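Quick caveat: nothing in here was measured; it's all calculated off a predicted structure.
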Amino acid sequence: MIGAQWGDEGKGKITDLLSKSADVVVRYQGGVNAGHTVVVKDQTFKLHLIPSGILYPDTECIIGSGTVIDPKVLIEELDRLEALGVSTQNLLISETAHVTMPYHRMIDRASEEQRGVRKIGTTGRGIGPTYADKSERTGIRVIDLMDSAELRNQLTWAIDYKNVILEKLYDLAPLDSEAVIAEYLEYAERLRPHVIDSSLRIYDAVRQRRNILFEGAQGTLLDLDHGTYPYVTSSNPVAGGACVGSGVGPTIIDRVIGVAKAYTTRVGEGPFPTELNGELGELLCDRGAEFGTTTGRKRRCGWFDAVIGRYAVRINGLDCLAITKLDVLDEMDEIQVCIAYELDGQPCRELPRSAHQLPAANPSTKLFPVGSNPLPTAAVWRICPSRRWITSSFWQN
């Protein structure tokens, strides 16, 4: 299950719904820059790293190798769930997931500030620098946390190296390597009972024909390779990322479900062709309670964009689409849907691949009256019954 827009599509609600029939829920990418809000009766759960399947006592929840884990935040999340009476014994953590360190957070915030007008709009949680170290092969993995000698060896070098960057490039105070090592050794002991070979665990679940739900964070348009680069996240939220981030082959996946809002939102910087800056945008924001779970930042709102919708279907191979927050549109007499762009005086039905072109794309919209009956909170369309071709007239028109 993936987000079909710029994230914040209401995936937590759909994950919670699907988790009722899932034996295993796997989070395959991202870090604490993601957020899911799930309301159960009178309790509200704000989850960042832990899959929302944790609310079901018989569901196994796995944080996969494609994620980056901030142990401090994860432990705080575990403590909050346990204080609310939710058992976390079924939470499992991949031993090959990478770990966010204090210097990652410091560099993330400092580099974003240094960008000035070119800032990307990161959450400042250290996600990008953690993935950067992973690519540079200098990262710390969960399995390293479990070995005190190896952790000390790696962190002593890494902190010395990062301190040069912090001091010389960003004019920040250096980190005390002994204090960081001691802190993370404590985290290791708390997390040790949850650490496993996640790829093997998922493979065993496949062999046992258990129902597995792969849960993506963020959304298609924030994908590092296929999103509106550079205004993207540092991982691959698209459906293909589920295989890499979980350690499974693509042949085991039966269905790909996309989640989108009945309108469009995005948080942070970057182009947004259907954005509504006036009263209508404020109305959508207020009625939809459009504030980020992780940062609390106000989300930018606009009409539903079928151009990025068609793109999400193609990039992810969607079988069906869950549309959330339909009821937010109840009070409107009519709504608009962007069916194409006008770019350089020419009609454009496909998403421009350069984020620098996108601000010049003027949305071509189609007007739809809103009926007198209240809309449901969500609906699901099946896009590709045959799994061969996209046949839905919803996307063609």
Side-chain angles (χ1 to χ4, degrees), residues 12 25-38 43-57 59-106 108-109 123-127 129-131 133-134 139-148 150-152 154-155 158-159 175-198 201 215 217 235 245 293-296:
V25 179
V26 183
R27 165 77 179 276
Y28 62 84
Q29 50 77 220
V32 296
N33 56 339
H36 292 338
T37 300
V38 179
Q43 288 186 318
T44 299
F45 300 90
K46 292 183 180 294
L47 305 171
H48 299 279
L49 271 170
I50 300 176
S52 54
I54 199 71
L55 302 178
Y56 297 95
T59 301
E60 202 168 79
C61 293
I62 298 175
I63 300 177
S65 58
T67 61
V68 293
I69 294 172
D70 187 325
K72 180 180 180 180
V73 176
L74 178 56
I75 290 169
E76 290 172 352
E77 200 166 322
L78 287 168
D79 290 342
R80 282 197 299 271
L81 286 170
E82 289 168 0
L84 292 169
V86 177
S87 172
T88 59
Q89 65 179 3
N90 284 340
L91 177 70
L92 303 172
I93 303 167
S94 171
E95 61 187 1
T96 54
H98 279 248
V99 179
T100 296
M101 308 301 297
Y103 48 77
H104 291 135
R105 293 190 293 270
M106 295 170 70
D108 193 4
R109 291 191 289 266
T123 61
R125 303 301 180 91
I127 306 304
T130 309
Y131 277 114
D133 278 4
K134 176 180 179 177
I140 307 294
R141 301 190 297 174
V142 170
I143 197 169
D144 300 321
L145 286 186
M146 302 298 112
D147 184 331
S148 58
E150 181 62 24
L151 181 65
R152 179 175 293 277
Q154 290 198 40
L155 271 183
I159 292 174
L175 289 165
D176 181 336
S177 59
E178 286 301 319
V180 174
I181 291 168
E183 177 186 356
Y184 275 72
L185 285 174
E186 287 186 19
Y187 296 153
E189 291 312 306
R190 173 67 189 279
L191 297 177
R192 190 180 299 275
H194 300 278
V195 177
I196 60 161
D197 180 340
S198 61
R201 189 66 162 248
E215 173 192 14
S235 58
T293 301
T294 298
T295 63

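Tested against Ile62, the residues Asn90, Thr67, Val26 include a single side-chain contact (heavy atoms from CB on, under 4.5 Å) partner, Val26. The residue from Glu183, Arg190, Glu189 that alone fulfils the side-chain hydrogen bond (donor to acceptor under 3.5 Å, both in side chains) condition with Tyr187 is Glu183. Partner Thr130 forms a side-chain contact (heavy atoms from CB on, under 4.5 Å) with one of Thr100, Asp108, Asp70 and no other, that one being Thr100. For the side-chain contact (heavy atoms from CB on, under 4.5 Å) with Leu191, the lone residue among Leu91, Val142, Ile93 that qualifies is Ile93.
Between Leu47 and Glu77, the shortest heavy-atom distance links the atoms CA-OE2, 3.4 Å. The shortest heavy-atom contact between Tyr131 and Gly30 is OH-N, 3.0 Å. Nearest approach of His194 to Thr88, heavy atoms of both residues: CE1-O, 3.2 Å.
Environment of CD in Gln89: sparse, with no more than 12 heavy atoms of neighbouring residues, nucleotides or ligands closer than 6.0 Å. Within 6.0 Å of atom CD in Glu76, more than 12 heavy atoms from other residues, nucleotides or ligands are found, so the atom counts as buried in its surroundings.
A distance-only check finds a donor-acceptor pair linking the side chain of Ser94 to the backbone of Thr96 [under 3.5 Å]. Arg27 places a side-chain N or O within 3.5 Å of a backbone atom of His48 that can act as its donor or acceptor partner. With hydrogens and angles disregarded, no donor-acceptor distance shorter than 3.5 Å links the side chain of Glu95 to the backbone of Ser198.
Residue Cys61 holds its SG atom at 8.0 Å from CG of Leu55, rounded to the nearest 0.5 Å.
Of the N and O atoms on the side chains of Asp133 and His104, at least one donor lies less than 3.5 Å from an acceptor on the other residue.
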